[in-house]
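Let me begin by presenting the structure, written as structure tokens, before commenting on it.
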Amino acid sequence: MESLYQPAGVEQRWQRTWEEEGLYAAGAGRRRGETYVIAVPPPNVTGELHMGHALNGAIQDVLIRWHRMQGFDTLWQPGYDHAGIATQNVVEKQLAVEGLSRHEIGRERFVERTWEWLEQTGRTILGQFRRLGASLDYSRERFTMDPEYVRAVMTFFVRLWEHGWIYRDNRIVNWCPFHQTAISDLEVVHEEMDDTLYRVRYPFADGDGAIAVATVRPATILADVAVAVHPEDERYREAIGREVVVPYVERHVPVIADERVDPSFGTGALKITPGHDPTDFEIGRAHGLPEPMAIGPDGRMNENAGDLEGLSQDEAGERVLAWLRERDQLEAREPYRHSVGTCERCHSRIEPLISLQWWCRMEGPARPAIAALRERRVRYHPESQHRFAIQSLEEAPDWCISRQLWWGHQLPIWYTPDGEPVCALTEAEAQAQAGAGVELTRDPDVLDTWFSSALWPFATLGWPADAPEVARYYPGNVNSTAREIIRLWENRMIWSGLELLGDVPFTDVIIHSTVLAPDGRRMSKSLGTGIDPMEPIEQHGADATRYGLLKISSTQDVRFSIGAIEEGRKLANKLWNVARLILQNAERVTPAVSPRRLEERWILARIDAARGEAEECWGRFDFAAATSVLYHVTFDDFCDWYAEAIKPRLYDRDVDAVATALAALERLITLLHPVLPHVTEEIWSHLPNRRDRLIVSPWLEPDDRFAADSEALVRAQEAAQIFRRSGVRVELEGDERRIFDAVVRPERTKANGNVEAELERLRGEVARARRMLDNEGFVANAPAHVVEAEREKLARYLRELEALGGADAA
RNA sequence: GGGCGGUUAGCUCAGCUGGUAGAGCGCCUGCCUUACACGCAGGUGGCCGCAGGUUCGAGUCCUGCACCGCCCACCA
């Protein structure tokens with residue numbers, strides 16, 4: 001055994017062994033009936049591991065390993081999401097390099113290309129999860145495009161259809177001009193942009209005066225259908241009901257009143273363009289206005305733009321502005337910084353436009369999900385996210401589920417020659433519904449990626465087939481994910497599970513911390529602030545990286561800190577070395593829990609207490625607090641006190657001491673295994689007479705044989721500290737004396753404090769304790785145990801003062 | 001504009017139902033001790049963001065303010 005623990009080789013060896021021996025598989029280590037199930041948030045097939053994945057992987061793996069050791073039938077379900085728009089984006093970019101577009105090669109060939117690409121370069125992330133030591137059941141890898149999974153998606157759609165929750169409507173949507181598809185509000189990211197705000201005069205049709213409006217997009221003037229003002233706005237009271245002339249197109253449109261207009265913005269008058277603005281669309285619908293569009297799906301001016309047809313919006317805007325300037329209708333222009341919606345994948349500016357899409361109503365599905373959350377059948381951790389989840393379900397707008405993409409699940413909708421939609425699981429069934437001989441055409445659209453993700457907890461188990469896994473592993477226990485995913489995924493899994501299986505898919509949702517860059521900014525590729533988790537894994541080991549990420553995960557947003565990972569590496573190294581100390585002296589000795597001496601009972605009790613504390617932390621999903629418990633029991637208690645105290649007997653090959661030390665070590669690494677699986681398994685493999693792997697070995701049961709008679713040990717520790725600080729020996733007897741002598745080696749301890757300084761310190765403590773005890777309010781009101789503790793402290797300080805010969809102060 | 005979170009040692013962060021401030025790193029001092037120098041022992045270091053309030057007692061509870069961050073949002 002090397003004196004410096006080298007994680008790289010050890011970790012990869014164990015990762016291979018565990019997987020090959022089937023110890024990652026569901027049911028490995030099972031010794032009881034209950035199941036414990038987590039479905040991993042399926043990463044995009046195109047994705048690579050980022051810090052959030054690594055933290056989330058560590059969190060879930062701790063829970064899974066902890067429960068596996070407790071004998072649960074654990075299933076940690078892995079797999080990939082086909083990630084419709086993200087994947088299509090990647091393949092389209094590749095085609096672009098070859099000078100091709102998807103339209104040139106056609107849909108069929110494009111889908112083939114995508115599959116080919118996935119076979120070659122996709123699916124890298126589960127390899128990275130393996131390197132983290134994540135004990136997913138890789139033999140059960142699923143993909144949202146697997147044939148069985150597709151069947152689940154179709155079944156889901158048909159069920160929603162039968163409820164009447166799916167409808168088709170012409171509404172304003174977020175249109176990505178690059179991808180040529182509608183995207184949901186949740187796929188739009190807002191970015192700050194510098195624009196110009198123009199103030200444009202619209203003359204009244206009767207020639208008497210004008211009304212000014214503000215706009216950043218002059219090209220949309222062509223599609224104006226009204227000017228709106230706030231009903232209470234005194235300035236425009238007279239204008240309501242009159243007509244104005246829209247510039248350039250010289251169309252007469254009404255001035256209307258609507259409360260959605262903010263009188264304090266710009267001129268207080270808003271031009272209404274229902275075709276190209278969501279607010280205007282709402283106002284237009286409320287007032288029964290027409291909905292013309294002047295901009296097409298490609299982002300350029302369309303056939304309604306007259307002589308501007310075919311121009312870009314910027315060019316068209318310039319022409320309109322020139323027209324306005326000629327007629328002196330351009331009142332002002334000013335720089336204007338505001339946030340603009342962009343496509344989260346390609347960052348193209350979103351075109352709001354009206355388009356015919358499929359929608360899913362939300363009132364029906366949301367109702368039981370809201371009830372389940374209110375009844376705490378699903379709990380969010382931290383609690384603050386619970387209200388947010390409920391609120392977002394209550395306010396959920398209808399879900400636009402169709403996408404004009406090629407990569408994804410094509411809608412199970414066919415049209416008759418009359419344009420009547422027929423919904424069915426398969427083409428054959430659709431044909432049967434429509435009647436023989438009726439020619440059907442399938443809707444070309446695909447479903448929003450999240451439509452299939454919503455089924456992840458049970459489609460991966462084989463639903464809608466009558467699979468035994470569904471009965472056994474549904475519902476699961478925990479889902480752990482990032483905050484921004486609550487509305488996209490968590491809520492939808494909850495309502496789909498209730499709808500299709502009559503039960504929530506899990507009982508606890510962990511919303512883990514967001515790992516920020518060390519400077520506090522968001523980690524992102526475009527900002528150059530991203531840190532690849534594989535770097536610390538290579539450099540310090542997976543155990544250390546897991547430990548470090550868990551340690552910093554206490555608050556909502558945490559800064560990445562390499563220091564925390566280094567601490568994890570030190571812990572692994574420490575563990576490794578204390579194991580060497582014991583094992584080097586343990587030839588042919590069998591571990592045996594036979595504590596005779598104080599320090600032996602003490603350490604076994606300490607490990608047991610730490611077990612309780614760590615379990616309590618994990619039980620409430622406080623992984624940061626648990627790491628602290630593990631660190632201190634290892635360093636402070638096991639290494640600095642217990643190992644030092646038994647060293648002399650270890651060197652003497654005292655069989656009792658060695659056997660107990662082996663047993664204590666065994667218990668310590670069992671406790672640490674969920675967080676540091678590799679180094680603990682490696683040490684375990686060196687313990688004598690080991691048959692099972694640690695990963696499937698029984699978890700620690702509470703053991704009250706070890707009376708926590710720690711008083712004497714604490715006194716020895718205090719005496720050691722005084723001696724090391726001041727060189728003064730406190731009187732000790734029995735166990736206290738023996739432990740002190742074993743741990744403190746006077747010949748190597750140079751006191752660098754001095755008696756005077758120590759007396760000074762103790763006098764201060766005595767004064768402070770007396771001040772408190774003299775406070776009548778404190779003695780009368782504070783809880784009895786607090787007062788009692790203060791009395792004991794005072795007594796101890798006085799004792800120590802006396803030992804140091806400074807009793808005069810008392 | 002809304003929601004959530006943060007502000008404590010030089011840095012990164014703990015501090016549960018109020019009891020008189022802790023950890024890791026860094027720094028200083030002494031140690032190459034038959035597990036570990038990625039180590040051991042000891043130490044330095046804090047008007048706990050600001051201002052009020054409740055209380056015998058406030059980092060902790062209440063009110064207000066100021067910054068910072070994340071998420072969300074249709075102000076043209």
Side-chain angles (χ1 to χ4, degrees), chain A residues 1 3-5 172 185-186 188 190 197-198 213-217 220 228 260-262 264-273 277-282 336 338-339 341 352 382 384-385 387-388 391-392 482-484 486-487 513-514 516 518 520-522 540 551-552 554-564 566-567 569-585 622 624-625 628 631-632 635 639-640 643-644 647 650-651 720-721 724-726 744-745 747-753 757 768 771-772 775-783 785-787 789-790:
Chain A
M1 289 173 86
S3 67
L4 182 61
Y5 176 61
I172 195 146
D185 290 346
L186 303 176
V188 175
H190 288 81
L197 186 65
Y198 301 96
V213 302
T215 183
V216 290
R217 301 174 68 199
T220 64
R260 277 163 278 218
V261 179
D262 176 1
S264 66
F265 186 88
T267 63
L270 174 64
K271 71 186 203 62
I272 299 299
T273 320
D277 183 277
T279 308
D280 295 8
F281 178 80
E282 274 183 36
Y336 183 57
H338 64 147
S339 74
S384 57
Q385 300 303 325
R387 253 177 307 140
F388 173 75
Q391 194 187 330
S392 62
R483 201 159 53 247
E484 65 267 23
I486 292 175
R487 299 188 307 171
S513 312
T514 304
L516 305 174
R521 288 186 298 166
R522 190 172 171 69
H540 303 292
K551 155 142 187 168
I552 64 171
S554 54
T555 45
Q556 180 169 291
D557 305 297
V558 294
R559 296 179 183 207
F560 178 78
S561 147
I562 195 69
E566 285 164 356
E567 186 179 314
R569 185 190 56 184
K570 281 172 51 177
L571 179 59
N573 187 244
K574 191 73 177 173
L575 206 55
W576 173 251
N577 276 294
V578 81
R580 286 176 62 223
L581 167 69
I582 294 168
L583 289 166
Q584 279 170 1
N585 296 290
D622 186 347
S628 173
Y631 183 90
H632 290 291
F635 263 84
C639 296
D640 295 347
E644 292 300 332
K647 243 184 202 176
L650 241 32
Y651 293 151
Q721 202 185 19
R724 284 161 172 163
R725 208 148 51 188
S726 66
V744 180
R745 276 165 284 186
E747 74 279 7
R748 300 199 194 91
T749 303
K750 273 192 198 161
N752 63 343
R768 193 191 54 74
R771 217 179 307 124
M772 284 190 67
N775 179 342
E776 289 169 24
F778 171 71
V779 178
N781 299 310
H785 70 274
V786 175
V787 178
E790 207 54 46

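In what follows, every chain begins at residue 1, and chains take the letters A, B, ... in the order their sequences are listed.
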Salt bridge check, A:E790 against A:R771: does any charged N sit closer than 4.0 Å to a carboxylate O?
no

Hey, does A:S554 reach any base, or is it just sugar-phosphate, or nothing, if we go heavy atoms under 4.0 Å?
sugar-phosphate

Measure from the side-chain heavy atoms of A:L270 and tell me the nearest of B:rA35, B:rC74, B:rA76.
B:rA76

Hey, are A:K647 and A:E644 close enough for a salt bridge, meaning a charged N less than 4.0 Å from a carboxylate O?
yes

Closest to the A:Y336 side chain, choosing from B:rA76, B:rG42, B:rA73:
B:rA76

Check every strand shown and say whether A:S628 touches a base, only sugar-phosphate, or nothing at a heavy-atom separation below 4.0 Å.
nothing

Do the side-chain N or O atoms of A:R387 get closer than 4.0 angstrom to the phosphate oxygens (OP1, OP2) of B:rC4?
yes

Among B:rA35, B:rG5, B:rG19, the one nearest A:K574 by side-chain distance:
B:rA35

With a non-hydrogen cut-off below 4.0 angstrom, is A:L516 in contact with a base, only sugar-phosphate, or nothing?
sugar-phosphate

Opposite nucleotide pairing with B:rG19, Watson-Crick or G-U, both atom distances under 3.5 Å:
B:rC56

Identity of whatever pairs with B:rC72 - Watson-Crick or G-U, under 3.5 angstrom
B:rG1

Does a side-chain heavy-atom distance below 4.5 Å link A:N573 with A:L4?
yes

Proximal nucleotide (of B:rC70, B:rU20, B:rG24) relative to the A:E790 side chain
B:rU20

Paired to B:rG30 by Watson-Crick or G-U wobble criteria (both distances under 3.5 Å) is B:rC40

Once you round it to whole Å, what is the distance between P of B:rC40 and NZ of A:K647?
10 Å

For atom CZ of A:R725 and atom P of B:rG42, their distance in whole Å:
8 Å

With a 4.0 Å cut-off on heavy atoms, is A:P518 in touch with a base, just the backbone sugar-phosphate, or nothing at all?
nothing

From B:rC70, B:rA14, B:rG24, nucleotide with atom closest to A:E567 side chain
B:rG24

Per A:E484 side chain, nearest of listed nucleotides B:rA35, B:rC72, B:rA76
B:rC72

Using both distances under 3.5 Å as the test, list the Watson-Crick or G-U wobble partner of B:rG45, or none.
none

Test side-chain hydrogen bond (donor to acceptor under 3.5 Å, both in side chains) applied to A:K551 and A:S561, step by step:
CA-CA 10 Å; A:K551 155 142 187 168; A:S561 147; over 6 Å; no

One thing to verify: whether A:R260 and A:D280 come together as a salt bridge, which I'm taking to mean a side-chain N less than 4.0 angstrom from a carboxylate O.
no

Pairwise 5' ranking along RNA chain B for A:L581 and A:A720, keeping only the more 5' one:
A:L581

Could you check how far CE of A:M772 sits from C1' of B:rU20, rounded to whole Å?
6 Å

Looking at the side chain of A:F778, which of B:rG39, B:rA35, B:rC56 is the nearest nucleotide?
B:rC56

With heavy atoms under 4.0 Å as the rule, sort A:R569 into base, sugar-phosphate or nothing.
base

Closest to the side chain of A:R487, out of B:rA14, B:rC56, B:rC72, is B:rC72

side-chain contact (heavy atoms from CB on, under 4.5 Å) partner of A:P783, chosen from A:V787, A:V786, A:N781:
A:V786

Touch class at under 4.0 angstrom, heavy-atom based, for A:E566 against every strand present
nothing

What nucleic acid atoms does A:F635 come within less than 4.0 Å of, heavy atoms only: base, sugar-phosphate, or nothing?
sugar-phosphate

Under 3.5 Å for both donor-acceptor distances, Watson-Crick or wobble: does B:rG24 have a partner, and if so which one?
B:rC11

Out of B:rG43, B:rC74, B:rC36, which has the shortest distance to the side chain of A:N573?
B:rC36

Given atom CG of A:L571 and atom C1' of B:rA35, what is their separation to the nearest angstrom?
15 Å

In terms of side-chain heavy atoms of A:D262, which of B:rC36, B:rC70, B:rC75 is nearest?
B:rC75

